[in-house]
Number of protein chains: 2
Amino acid sequence: MSEMPKASKTDSKRRGAERDDAIYRAIADAVVEHRLKPGARLREDALAEVFGVSRTGIRKILQRLALEQLVTLTPRRGASVTRPTAAEAREVFEARRMVECGLIPEVVRRVTKGDIDELRELTRREVEALNSGEQSAAIKISAAFHERLAQLSGNSTLAEFVARLCSRSSLILAVYGNSGHAGCESHDHYELVQLLEEGAGERARAFMEKHLSAVESSLSIVEGADEVPDLYSIFAG
Amino acid sequence: MSEMPKASKTDSKRRGAERDDAIYRAIADAVVEHRLKPGARLREDALAEVFGVSRTGIRKILQRLALEQLVTLTPRRGASVTRPTAAEAREVFEARRMVECGLIPEVVRRVTKGDIDELRELTRREVEALNSGEQSAAIKISAAFHERLAQLSGNSTLAEFVARLCSRSSLILAVYGNSGHAGCESHDHYELVQLLEEGAGERARAFMEKHLSAVESSLSIVEGADEVPDLYSIFAG
DNA sequence: GCGGCACGATTTGTATACAATAGGCGCCAG
DNA sequence: CTGGCGCCTATTGTATACAAATCGTGCCGC
């Protein structure tokens with residue numbers, strides 16, 4: 001709060017929920033794009049200063065992020081970007097397989113030509129980002145692809161759940177991903193759109209299942225050394 | 001709740017997250033048990049006085065409830081118990097069918113004799129509550145049954161999602177239920193447990209699907225008059 | 001030199017005070 | 001008598017101030 005207390009002018013103009021939402025998105029995007037890595041601490045004072053609001057407002061946003069499991073709130077220790085455990089990682093992918101595949105038939109039934117075009121556009125941008133070496137952007141677009149697909153089912157409750165799973169997947173990639181390849185093979189997305197356009201529901205469903213399993217097995221999902229290892233079982237009694 | 005401004009002594013002794021959690025459960029339970037009906041306003045001052053904390057703490061809890069869609073936060077108008085729309089109601093049941101049925105195979109694989117006993121005990125208590133005319137208790141126990149079942153899959157991410165869907169289902173029952181029967185037929189639960197015990201995975205899955213569909217069709221899911229009716233389509237242009 | 005204790009700084013947790021806004025009520029004009 | 005305007009109250013939104021707790025650091029005793 002000294003010489004340059006506020007964030008950019010455009011942000012400081014906003015009011016109420018709109019402003020909160022902008023801050024929320026700013027932080028969430030930074031997490032999803034791996035600009036804030038799992039484990040990174042998020043001090044309330046620092047965030048408050050950066051965004052030009054008081055700690056009260058920041059706390060509200062951190063609570064929201066915590067409920068979506070993007071950040072972890074440790075009592076008296078503050079907020080940090082969530083570091084998913086190996087078990088959580090497997091759970092998230094199992095959940096995605098169940099829900100995203102289950103949604104496919106309804107998506108095939110409802111998808112329009114315009115939707116197909118939109119999905120192709122996302123795929124194109126994803127490839128473009130990958131070719132430019134913008135891994136962060138690619139990850140975000142890939143998540144957006146899966147989210148958009150889920151929305152096309154018309155069930156916003158399930159779509160929102162998928163969106164949350166995608167965000168968490170991004171964290172999982174950050175922790176368990178082998179650097180060099182960033183999650184989804186973009187050609188998979190292209191092929192998936194093709195199947196959707198052809199109305200091949202069952203094949204699309206099977207492909208989605210294979211796709212998600214492929215992403216999961218491309219990771220190295222093992223407990224890192226820093227995870228609270230049950231010392232009891234290590235040193236026994 | 002007039003002459004006794006604070007909550008019970010046991011509650012006021014609590015500290016930090018533990019106390020917040022107690023307040024959260026108190027409100028959530030009241031909503032799930034229909035002691036707070038959809039549309040009921042939740043004034044911050046009133047809640048703060050009842051639970052013996054400041055508005056700050058109450059706001060935190062209301063935010064959490066809002067994210068779980070048990071309460072709706074209208075800017076500058078405050079919090080009220082969510083009144084699910086007809087579309088939301090259908091979405092929730094579709095989501096439950098997909099996830100709860102999808103979980104059944106894994107549940108059958110992992111369920112133990114102890115788990116079966118526990119589920120039977122829940123069913124017994126549900127019947128007991130219904131026979132005593134304690135509809136509120138029956139609703140809560142019924143939700144607990146479905147939640148416990150989901151937990152047995154071992155996937156806590158999906159289990160938590162199911163738990164939320166069950167809470168919302170309670171709200172849906174409050175709005176669209178015909179008074180007289182409270183959601184799940186308890187005999188259904190008994191039969192379901194039987195199938196689980198026998199390890200009849202596919203039959204259990206089919207039964208769960210039928211069960212959820214039966215609950216849904218026992219409701220009168222139509223837009224109430226108070227729902228924001230698109231005046232544009234009514235009065236046309 | 002090493003282990004333990006205690007103090008200090010940093011950071012979160014909570015309450016209170018103040019500002020802003022929306023809805024209600026009454027008054028005034030036509 | 002009716003319709004509209006304006007104040008007023010009740011309630012939420014935001015910031016700040018204060019209290020509590022934890023972690024790191026340095027000192028002292030052994």
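Below, chains carry the letters A, B, ... as their sequence lines are ordered, and counting in each starts from 1.
When distances run from any side-chain atom of A:Arg55 to the nucleotides D:dA15, C:dT14, C:dT21, the shortest one goes to C:dT14. With distances taken from any side-chain atom of A:Val53 to the nucleotides C:dT21, D:dA15, C:dT12, the minimum falls on D:dA15. Here the nucleotide nearest the side chain of A:Ser54, chosen from C:dT11, C:dG13, D:dT14, is D:dT14. Taking only side-chain atoms of A:Lys60, from C-beta outward, the nucleotide of C:dT14, C:dT21, D:dT14 with the closest atom is D:dT14.
In this structure, B:Gly78 reaches the sugar-phosphate backbone alone: every heavy-atom distance under 4.0 Å involves primed, P, OP1 or OP2 atoms, never a base. Looking at heavy-atom distances under 4.0 Å, A:Arg77 makes contact with sugar-phosphate atoms alone, never a base.
Rounded to whole Å, atom P of C:dT11 lies 8 Å from atom CZ of A:Arg41. For the pair B:Leu42 CG and D:dT11 C1', the interatomic distance rounds to 14 Å; values are reported in whole Å. Atom CD in A:Glu18 sits about 12 Å away from atom P in D:dT14, given to the nearest Å. Spacing between atom CD of A:Glu49 and atom P of D:dT16 amounts to 12 Å, rounded to whole angstrom units. When rounded to the nearest whole Å, the span between CD1 of A:Ile23 and C1' of D:dA15 equals 14 Å. Rounded to whole Å, atom C1' of C:dA9 lies 13 Å from atom CG of A:Asp45. The distance from atom CG of A:Leu47 to atom P of C:dT11 is 12 Å, rounded to the nearest whole Å. Rounded to an integer number of Å, the gap from B:Ile58 CD1 to C:dT16 P is 13 Å.
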* To do: Please report the C-alpha distance between B:Thr72 and B:Thr82 in whole Å, then the side-chain angles of each, then the deciding distance to 0.1 Å, and finally whether the side chain to side chain donor-acceptor pair (under 3.5 Å) criterion is met.
  => CA-CA 5 Å; B:Thr72 300; B:Thr82 298; 2.8 Å; yes

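Within the 4.0 Å cut-off from OP1 or OP2 of D:dT11, at least one side-chain nitrogen or oxygen of B:Arg43 is found. Using a 4.0 Å cut-off, no side-chain N or O of A:Arg19 falls inside it from OP1 or OP2 of D:dG13. Checking the phosphate oxygens (OP1, OP2) of D:dT14, no side-chain nitrogen or oxygen of B:Arg59 falls inside 4.0 Å.
Side chain of B:Ser132 to main chain of B:Glu134: no donor-acceptor pair is present (N/O by atom type, distance under 3.5 Å, no hydrogens or angles). In this structure, the side chain of B:Asn178 engages the main chain of B:Ser218 through a donor-acceptor pair within 3.5 Å.
Between A:Pro75 and B:Thr74, the residue anchored closer to the 5' end of DNA chain D is B:Thr74, taking for each the nucleotide with the nearest heavy atom.
Ring pair B:His146/B:His189 is perpendicular by interplanar angle, where above 60° counts as perpendicular and below 30° as parallel.
A salt bridge links B:Arg97 with B:Glu216: at least one charged nitrogen is closer than 4.0 Å to a carboxylate oxygen.
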